[in-house]
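Remarks on the structure that follows.
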Amino acid sequence: MSTTKQTWREEQQRVDRIVGKIHKRMAVLEQQVGDINKDIVDFRKTFWDDVTVNLDEPDDAVETYASMKQQAEVLSERERIHRHARNQLTTLQRLQDTPYFGRIDFTEDGDKNGECVYLGIGSFLNESGDQFLIYDWRAPVSSLYYDYPPGPAHYETPGGTISGTMDLKRQFIIREACIRSLFDTGVTIGDELLKEALSKQADAQMKSIVATIQKEQNRIIRNERSRLLVVQGAAGSGKTSAALQRVAYLLYRYRDTLRAEHIVLFSPNPMFNSYVSTVLPELGEENMQQTTFQEYLEHRLGQTYQLEDPSAQIEYVLTARNDADYGARIEGIRYKASSDFMEVVDQYLTYLLQESMQFTDVTFRDEVLITGECIKTRFYAIDGSLPIPNRIGLLAEWLLDELKNLARRERSKPWVEEEMELLDKEDYLRAFQKLQRNKRYTEESFDDFSREQELLAAMIVKEQFHPLLKQVKRLKFIDIPAIYKQLFADPEFAISFAPNGALPQQWTSICMQTASKLERSELAHEDATPYLYLQERIEGFRTNTSVRHVFIDEAQDYSPFQFAFLKRMFPRSKMTALGDLNQAIYAHSTAGSGLAPLASLFGADETEMFVLTRSYRSTRPIVEFTRRLLDTGEAIEPFNRDGSIPSVTKVADMSELIDRIAHRIHALQEGGHRTIAVICKTAEESRQAYETLQEFTPLRLIGKETTSFESGTLVIPSYLAKGVEFDAVVIYNGSHAQYGEEDERKLFYTACTRAMHELHIYSVGELSPFITDPDTYALES
């Protein structure tokens, strides 16, 4: 028997032994989980049987509380044990088919005997619990597998650096407990494993890739030093995958102090949340909090304004070039996203310390109780050295005292007597019981008619004033809309606040557009963050100190203003930002500052940047094609995975376009592709494509409201496809008419880079000028 066959046989025998132990442990855990679950159910049923309830005397009440607390603690402990056993069982269920994917033999300096380390997606110990049969990929020793070839190597532990020699590095492909492939490897995680993983069909959810993590990705995943981690990566370079593995690593590394709710991911759209939702559960971890920045804006401002979302903004940018106000709107979008405009707002806030704060009248039953001007006078009478939020707090206290005094005067008003006359017997009874509960009045005091009237009047006024007092406590007396609008009411007003007095060339038009929208209770997307920032600086910033890690995906789409806002909102968090400047498709992204504004907020000492240049998603021919769509694409490295060359097809008209695309979709479906995307430029083009193509094949139309990603054939606007990948991509109309402007280059690139295995571009008439290298595609007729 050859060495290779002998090795394979020995390794398969070990797999069989380990899987046998896993099944044995699973049987024990299943019995344990079932028994504990039964105990918990029975315990809940009899919970109160073992609690003595007696509240007559203080000592009895204390005893009752202690009894209840003891029972609750017993129940909580049993639930904790049940949860731990269930999680162990879930991990073993994942390990039984693929127990591990790698092996390293490592001899520590000073030791004669080395150790065999097998790596999997979870740990597995022997029966006595003193030996690892499988190491979790996140364990310190596992980093050797990702970072070193055989030879001298070291890894970091909480106790220090461990140095030694790696004698062997072996990779496995194990499916259904059977070794399908086995090979020893050198510097990198072997191309065989990568090719096997990347050649699969795309799924409705992103999958974990712990078996194929590359060295540069491992450095991102295990980084614990930097407060800000910036990952600039080409399309398909594994940015998002590395980020999710990083979340899993942090939850493992700090499992005693860090929980999933301490981590938040800002993703590009709700559909993307669905797409990545299974990665962490696959690794045995709970999902972190997931949201979009737009969802946060809606939560904070949606009741005051009709908010424009990023999709609506980019639709305007892509479709309204002929509008008379287009140039001013684009300039406004870029300026309001900038740090210069943030300085304008900051200087405006300094100005408001001295004058021009705006307040609303406090009204009750259509009567003005306290005018906005009176509130304003009181505000500027408060110590001017105090910050605005402190002065607002003192102002609110004064208003509450004033309203309580006004409420006492209100009791003698005719409307109060009218309300009393409308009270029926049940209302009187409820009033009496309420007063009795307050322990202020006795039944005898209710016998006196005048006293009764006085008490009822006080109660009625208090109930009617309650919403008013609540509004004051919520600072609704500040007229934030008027304060923001004031900044744009006169184009000359903001000059003194601007850096060096420089405002955009079309500032007058920008002011008119902004004021017009605000009058209609509409808030453009570029105004939402500055508006909320202004509000927070006046009312007091709502910071979140419980979140310890913030992840921002598609970070190139965030503005300097938004970065600064997020840093203020999460003052104690570390931040991981993932982006690709070549996919910066929004109007405010064209300035070219990239992720530098975010890095400047933390400083060089707290920032670490990683650049991922190799693209793994697409085949080599697709990457060779897509990187030539960019002026700077030569920096992108294709992974050496074979595939068909992209096709480009010119058609005469829309009728031929639909016919050719319908035939292409059928061919792709017959070829076994599970996710096929027809990518259109805009939502309107997507709607038209969907309506015509659905006559030939079942389709799903993706819009900004779509919250789940499913396999199949779909039609999607270009900007919503960001971050997602498909087996095959059909560019609906890659013509000069659709993608001819320079600021559409990155949008076209983004759409084309969604393809994993096949890319087909159709064009009605002349091709997009970005398609320049005929050697990288096949021109079909």
Side-chain angles (χ1 to χ4, degrees), residues 101-102 104 119-121 135-149 153 155-156 169 171 185-198 200 206-226 228-253 263 265 275-276 279-280 282-283 285 288 549 551-556 574-583 595 607-618 623 635-641 723 725 753 756:
F101 54 80
I104 52 175
L119 290 73
I121 61 171
Y135 280 85
D136 191 295
W137 66 277
R138 296 166 290 186
V141 69
S142 301
S143 65
L144 293 170
Y145 174 78
Y146 299 113
D147 289 345
Y148 291 99
Y155 64 96
E156 302 296 329
K169 183 174 181 178
Q171 298 174 16
T185 188
V187 179
T188 62
I189 302 305
D191 285 355
E192 294 299 323
L193 262 181
L194 268 171
K195 288 177 181 177
E196 195 266 349
L198 297 170
K200 292 180 178 179
M206 179 182 284
K207 299 299 181 183
S208 63
I209 56 163
V210 294
T212 57
I213 292 169
Q214 302 296 288
K215 181 177 181 179
E216 65 271 20
Q217 294 169 334
N218 192 48
R219 291 174 59 211
I220 294 165
I221 291 167
R222 296 174 186 262
N223 185 288
E224 299 176 34
R225 301 180 303 275
S226 308
L228 171 64
L229 204 61
V230 177
V231 182
Q232 158 64 34
S237 58
K239 299 182 296 296
T240 302
S241 295
L244 295 172
Q245 320 296 338
R246 174 168 167 76
V247 173
Y249 172 77
L250 291 169
L251 290 171
Y252 173 88
R253 171 71 174 83
I263 304 173
L265 166 67
Y275 180 59
V276 302
V279 174
L280 287 172
E282 275 186 12
L283 298 173
E285 303 291 352
M288 69 263 138
H549 288 271
F551 286 75
I552 305 174
D553 205 355
E554 304 292 348
Q556 77 280 352
K574 289 187 174 182
M575 196 172 285
T576 302
L578 319 145
D580 178 11
L581 302 186
N582 292 323
Q583 297 182 68
L595 303 179
T607 301
E608 197 162 353
M609 181 171 285
F610 292 89
V611 179
L612 304 177
T613 57
R614 176 170 286 195
S615 179
Y616 298 99
R617 172 188 298 136
S618 307
V623 176
I636 300 170
E637 304 171 50
F639 177 69
N640 192 23
R641 179 164 67 90
E725 59 190 26
T753 54
M756 292 177 63

Query raised in the report: When rounded to the nearest 0.5 angstrom, what is the spacing between CZ in R617 and CE in M756?
Result: 8.5 Å

Query raised in the report: What heavy-atom pair brings I121 and F101 nearest, and what distance separates the two atoms?
Result: N-CE2, 4.2 Å

Query raised in the report: What residues, two or more places apart in sequence or in another chain, satisfy salt bridge (Lys or Arg N to Asp or Glu O under 4.0 Å) together with E224?
Result: R253

Requested in this report: May I ask you to decide if the ring planes of Y616 and F639 are parallel, tilted or perpendicular, using 30° and 60° as cut-offs?
Outcome: tilted

Report summary line: Shortest non-hydrogen pair, R246 vs T576, comes out as NE-OG1, 3.1 Å

Query raised in the report: Rounded to the nearest 0.5 Å, how far apart are CD1 of I263 and CG of L251?
Result: 4.0 Å

Report task. Can you spot which of I221, N218, I104 makes a side chain to side chain contact (heavy atoms under 4.5 Å, CB included) with Y146? Result -> N218

Query raised in the report: When you measure from the side chain of S241 to the backbone N and O of G238, does any donor-acceptor pair fall under 3.5 Å?
Result: no

**Report entry** E216 (side chain) donor-acceptor with F610 (main chain) under 3.5 angstrom
**Finding:** no

Report summary line: When every non-hydrogen atom of E608 is compared with those of S226, the smallest separation belongs to OE1-OG, 2.7 Å

Query raised in the report: Can a donor-acceptor pair be found between the side chains of S143 and R222 at a distance below 3.5 Å?
Result: no

Query - Gap between atom CG of L229 and atom CD1 of I552 - 0.5 Å precision - result: 12.0 Å

Query - Minimum heavy-atom distance between Q556 and L578, given as atom pair plus value - result: OE1-O, 4.3 Å

Report task. Output yes when a side-chain donor or acceptor of K239 lies under 3.5 Å from a complementary backbone atom of G233, and no otherwise. Result -> yes

Query raised in the report: Just how far is it from atom CG of D580 to atom CD of Q232, taken to the nearest 0.5 Å?
Result: 5.0 Å

Report task. Could you check K169 against Y145 for side-chain contact (heavy atoms from CB on, under 4.5 Å), going step by step and ending with a plain yes or no? Result -> CA-CA 7 Å; K169 183 174 181 178; Y145 174 78; 4.3 Å; yes

Query raised in the report: Are any side-chain N or O atoms of Q217 and backbone N or O atoms of S237, one a donor and one an acceptor, separated by less than 3.5 Å?
Result: yes

**Report entry** CD1 on I636 to CZ on R614, rounded to 0.5 Å
**Finding:** 13.0 Å

Query - Atom pair CZ (R641) and OG (S615), whose distance is rounded to the nearest 0.5 Å - result: 9.0 Å

